[in-house]
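Okay, so here's the structure we're looking at.
So that the names make sense, note that chain A is the first sequence line, chain B the second, and so on, each numbered from 1.
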Amino acid sequence: MSYDDLRSYLAALDRQGQLLHVTERVDPEPDLGAAANAANRLGERAPALYFDNVTGFESARIAVNAHGSWANHAIAFDLPPETPTRDQVREFIRRWENFPVAVERRQDPPWAENTLDGAEVNLFDVLPLFRLNDGDGGFYLDKAAVVSRDPEDPDNLDRQNVGTYRMEVKGTNRLGLQPVPMHDIALHLDAAERRGEDLPVAVALGNDPVISVVAGTPLGYEQPEYEMAGALRGAPAPVSRAPRTGLDVPWGSEVVLEGVIESRERELEGPFGEFTGHYSGGRNMPVLRVDRISHRTDPIFESLYLGMPWTEVDYLIGPATCVPLYQQLRADFPEVRAVNAMYTHGLLAIVSTGRRYGGFARAVGLRAMTTPHGLGYCKTVIVVDEDVDPFDLPQVMWALSTKVNPARDLVNLPNMSVLELDPGSQPPGITNKLVIDATTPVAPDERGHYGQPVTDLPESAAWIDRLTTLLAERGGDR
Amino acid sequence: MNTTHGGTGQPAPTTVCPRCAAAEFDELAVSPVPGVWRVLRCDRCLYSWRTTEPARRSSRAAYPERFRMSRRDIDEAPHLPPVPDIREDTPGGDR
Ligand SMILES: Cc1cc2nc3c(=O)[nH]c(=O)nc-3n(C[C@H](O)[C@H](O)[C@H](O)COP(=O)(O)O)c2cc1C
Ligand SMILES: [Mn+2]
Ligand SMILES: [Zn+2]
């Protein structure tokens with residue numbers, strides 16, 4: 001069963017004990033941010049939080065941490081909550097194979113019930129906005145799906161993009177938006193600004209859980225996110241036409257904003273506590289003017305805490321970063337077994353691969369850096385043998401500790417591109433990148449003394465079953 | 001001082017921006033329940049804050065040094081992404 005909106009997902013979380021409704025009165029600050037932050041520290045079964053009693057508000061409804069644990073991520077994909085991470089990634093890969101799944105166009109979206117137009121537009125009238133981190137420059141919309149089209153090819157729906165780009169609320173109808181140059185909206189905005197035109201956008205807030213995942217998934221420029229949502233949901237994504245811009249937005253959203261990114265305009269924005277665990281700094285960035293708000297009656301405002309990992313964003317985009325890199329590497333190198341790019345959106349990635357010949361593994365590492373996502377991320381790529389599970393960090397540490405000789409196994413590349421939010425980059429956006437070849441050398445690379453690995457005994461598999469049975473029987477006696 | 005506003009017994013609103021100390025700001029919002037809080041935004045650095053936030057976010061005196069912004073920080077903030085050159089062969093302007 002797939003969810004058509006945020007509400008049915010929250011209900012499913014609730015049924016599985018993964019939603020905590022905080023009924024006591026809380027203050028907008030610091031309580032909401034602190035509670036969301038705290039939820040991230042509760043571990044693998046952390047619940048989503050729901051607040052509806054917030055000081056000074058009459059009817060605020062706020063959901064945070066909806067994706068913020070492996071249990072919740074599993075429920076988002078309609079998997080049993082205890083599904084191990086690695087299996088969640090495997091299932092993501094399996095469903096990806098069904099891409100593309102055409103959208104289902106629906107009339108009468110629930111968000112069409114209420115409308116604010118032109119001078120009536122006031123974000124504060126609709127959204128119970130609040131600050132997350134102390135140093136944030138303001139209140140943010142950080143879990144929204146932003147929809148735009150290629151101004152050079154506006155009828156091409158393969159190029160219609162849905163992405164999560166955080167927005168600072170800077171006025172009643174004014175948002176600051178951060179387009180990282182490697183991301184699709186930056187391409188759309190660049191094309192619009194070269195033409196001297198505003199870029200029409202729709203911002204969908206409070207979405208079904210798979211829309212939030214695909215909006216944070218680094219798909220190819222011509223891979224439409226809605227058609228990936230259909231594949232991952234196992235059912236076409238329901239979309240509706242936004243009335244002012246004609247853009248496709250999720251049928252089930254809580255709130256839809258429409259407007260434009262103003263051409264060639266930049267204005268001070270931030271700082272914002274980022275997914276890197278560091279603040280972004282204050283920069284002059286594009287401005288989004290909101291011309292129309294459509295919303296459900298009593299909308300739920302969804303937000304997400306981010307800061308020092310792990311926080312909700314790391315769960316939300318963890319598997320979503322692994323899988324495109326895996327698919328893109330596999331297209332050239334079928335030897336690739338698995339990719340774990342869950343660290344800081346893939347700023348560090350671990351790839352396991354078979355090796356054709358000496359030098360092959362580091363070529364795979366370099367290829368990861370030249371994928372579209374790798375251009376802005378993949379600062380460090382650790383390559384391990386095919387029998388090392390990149391999701392099992394003790395195994396990765398074993399490979400790093402025994403298979404690496406720094407004399408020859410580090411490929412250090414100067415002056416590569418990275419997103420400027422990487423706090424180590426200098427100047428911002430430029431960094432060295434490093435492949436650590438932690439694979440076993442193969443011919444003609446004859447380095448080291450790897451001819452006598454210790455492998456599990458051939459009888460141990462049978463003994464695992466035997467011991468498991470004995471333990472179960474002993475458990476039954478007690 | 002013991003001035004209050006909105007009859008809520010709260011201290012009078014801040015008179016300077018906690019972040020950059022500018023004295024000019026706009027009111028972005030007031031609480032739906034009357035008189036509980038207001039949201040203000042600095043005209044110079046665009047910092048916004050709710051009047052009921054902890055002092056470390058809402059008062060100049062308590063605002064942490066590492067988050068403060070000087071005139072220079074504001075003037076020298078980078079432009080991202082840079083505004084591209086206009087294309088010669090397009091009509092330009094709004095369509
Ligand atoms: C909560 C959250 C906030 C994000 N904020 C931004 C942002 O401000 N700017 C940006 O370019 N990417 C941001 N991202 C990352 C992009 O959404 C992500 O890399 C996505 O794959 C980009 O897709 P695209 O290739 O369609 O642009 C954010 C992701 C999440 C989940
Ligand atoms: Mn995209
Ligand atoms: Zn200021």
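Proximity to chain B (any heavy atom under 4.5 Å) is restricted, for E168(A), to the side chain, taken from C-beta onward. Contact annotation for L129(A): only backbone heavy atoms (N, CA, C, O) come within less than 4.5 Å of a heavy atom of chain B. Interface remark: C42(B) contributes no atoms to any contact with chain A (heavy atom separation under 4.5 Å). Neither the backbone nor the side chain of P128(A) has a heavy atom closer than 4.5 Å to any heavy atom of chain B. If you measure heavy-atom distances from D136(A) to chain B, the contacts under 4.5 Å come from the backbone alone. Proximity to chain A (any heavy atom under 4.5 Å) is shown, for P84(B), by both the backbone and the side chain. Residue contact with chain A, scored on non-hydrogen atoms closer than 4.5 Å, is absent for P64(B). With a threshold of 4.5 angstrom between heavy atoms, D31(A) does not approach chain B through any atom at all. For S59(A), no part lies near chain B; criterion is any non-hydrogen pair under 4.5 Å. Of the atoms belonging to V169(A), it is backbone heavy atoms, and not side-chain ones, that fall under 4.5 Å from chain B. For a residue to count as touching a neighbouring chain, one of its non-hydrogen atoms must lie under 4.5 Å from one of that chain's; by this rule F139(A) touches chain B with backbone and side chain alike. Heavy atoms of V30(B) lying under 4.5 Å from chain A are absent altogether.
Ion pair E193(A)/R264(A) not flagged as a salt bridge, since none of the NZ, NE, NH1 or NH2 atoms sits closer than 4.0 Å to an Asp/Glu carboxylate oxygen. Taking the charged nitrogens against the carboxylate oxygens, R87(B) and E152(A) do have a contact shorter than 4.0 Å, which makes a salt bridge. A salt bridge links D26(B) and R41(B); the closest N-O separation between the charged side-chain nitrogens and carboxylate oxygens is under 4.0 Å. The existence of a salt bridge linking D291(A) and R244(A) is confirmed by a sub-4.0 Å separation between a basic side-chain nitrogen and an acidic carboxylate oxygen. Classification of E53(B) and R131(A) as a salt-bridged pair holds, one side-chain N sitting under 4.0 Å from a carboxylate O. Salt-bridge annotation for R289(A) and E262(A): present, with a side-chain N of the basic residue lying under 4.0 Å from a carboxylate O of the acidic one. At a threshold of 4.0 Å, the pair R166(A)-E269(A) counts as salt-bridged, since one of the basic side-chain nitrogens sits closer than that to a carboxylate oxygen.
No other option in R266(A), E265(A), R283(A) has as many heavy-atom pairs under 4.5 Å with chain B as R266(A). In terms of non-hydrogen atom pairs under 4.5 Å with chain B, the most contact-rich of D134(A), L189(A), T172(A), L268(A) is D134(A). Ranked by heavy-atom pairs shorter than 4.5 Å toward chain B, the options A60(A), P286(A), S263(A), P181(A) are led by P286(A). The most heavy-atom pairs under 4.5 Å with chain A, out of L80(B), D85(B), D73(B), come from L80(B). Heavy-atom pairs under 4.5 Å with chain A peak, among P78(B), P54(B), A29(B), at P78(B). Taking chain A as the reference chain and counting heavy-atom pairs below 4.5 Å, the highest number among C45(B), S31(B), A77(B), P32(B) is found for P32(B).
Taking both residues in full, the closest heavy atoms of F124(A) and N122(A) are given as N-OD1, 2.9 Å, listed atom of the first, atom of the second, then distance.
Remark: R50(B) qualifies as a cation-pi partner of W37(B) under the 6.0 Å distance and 45° angle criteria applied to the six-membered ring.
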Go through the steps for D150(A) and Y221(A) under the test side chain to side chain donor-acceptor pair (under 3.5 Å), then give the verdict.
-> CA-CA 10 Å; D150(A) 184 340; Y221(A) 186 60; 3.0 Å; yes

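The number of heavy atoms from other shown groups lying within 6.0 Å of CG (D75(B)) is above 12.
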